[in-house]
Amino acid sequence: MNCIGSNVVKLQVVQSTNNYASQAVMTKRPEEGTVYVAGKQLEGRGQLKNTWESEGGKNLTLSMVLYPEFVAIQDQFIISKAISLGVADFLRQFVSDVHIKWPNDIYVGDKKIAGILIENSLRQGLIASCIVGLGLNVNQEEFVSDAPNPVSLRQLTSRDYDLDDCLNKLSASLDRRYSRLKEGEWEQIDCDYHEVLYRCNQWHSFRDGDGVFEGKILGVDEIGRLVIEKLTSGLRHYHFKEVEFIVNKAKA
Ligand code: BTN
């Protein structure tokens, strides 16, 4: 059985590793766990058409190929949970206060250290293939884009990291979580995800289509929607981008 990172393809310069990986899946179906890692991305993609800032040679920008054909379309958020936990597990070896900001941003304190872009292709109600794109800020010292709150391991710990070593450790952490997923330990994954969910069970300010409100995150439902108890009007379930976190207005 292949594991994540047993086949690593290094690309010096590429538009986007996600594009490269999905092309590879279509043309030659690489083995499961293959990781495409870029020295530099020219058009790194973030969620919702955002771009991903990453200085060449300083960070990990990669995409891995999975074939989670055991996951039904309606359960696909479990993949996101397992992957984000794998990244969080890796980071906890170096820093504390690691959280997952729904749906799958990785935060240290109130700053974003990694972003994940998952692109699934579907067949007969199941996930046929899954490209997991990951941007992890490692040695970058300064961020210039208007991305909110970026941070790197270097900025947090004042030391440089060997990117190959990070990739090996990260692959091992991701593989552990993905193996659990394959073995059917979904309840544990769900429980671990909720344990590290950013701002869970605390009162904070949010904004939705009706304006700013005080609310408490209660969790994430089975289809990946964020469940918030609104102070004035009860429970709401939100899809991605239907609700925004308001930073620095905490009222824990
Ligand atoms: C986000 O917006 O938080 C997701 C960012 C994902 C960025 C990574 S970098 C490697 C991979 N290739 C891409 O084009 N994007 C993802």
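Counting starts at 1 for both ligands and their atoms, in listed order. Remember, predicted model here, so these are calculated numbers, not experimental data.
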Checklist entry - Any chance CD of Q74 has more than 12 other-residue heavy atoms, nucleotides or ligands included, within less than 6.0 Å? => result yes

Next on the checklist: Could you check whether R29 makes a cation-pi contact with Y67, meaning its NZ or CZ is under 6.0 Å from the centre of the six-membered ring and within 45° of the ring axis?
Outcome noted: yes

Next on the checklist: Between F206 and Y238 (judged by ring centroids, cut-off 6.0 Å), do the two rings come close enough to count as a pair?
Outcome noted: no

Checklist entry - What orientation do F70 and Y178 show, parallel under 30°, tilted 30 to 60°, or perpendicular over 60°? => result tilted

Checklist entry - Salt bridge between E32 and K182, side-chain N to carboxylate O under 4.0 Å? => result yes

Checklist entry - Is K169 paired with D89 through a side-chain N to carboxylate O contact shorter than 4.0 Å? => result no

Pick out the protein N or O atoms lying less than 3.5 Å from any N or O of ligand 1, and list each pair with its distance.
| residue | atom | partner | partner atom | Å |
| --- | --- | --- | --- | --- |
| ligand 1 | 2 (O) | Q47 | N | 2.8 |
| ligand 1 | 3 (O) | K112 | NZ | 2.6 |
| ligand 1 | 12 (N) | T17 | OG1 | 3.0 |
| ligand 1 | 12 (N) | Q41 | OE1 | 2.9 |
| ligand 1 | 14 (O) | S16 | OG | 2.7 |
| ligand 1 | 14 (O) | Q41 | OE1 | 3.4 |
| ligand 1 | 14 (O) | R45 | N | 2.7 |
| ligand 1 | 15 (N) | R45 | O | 2.7 |

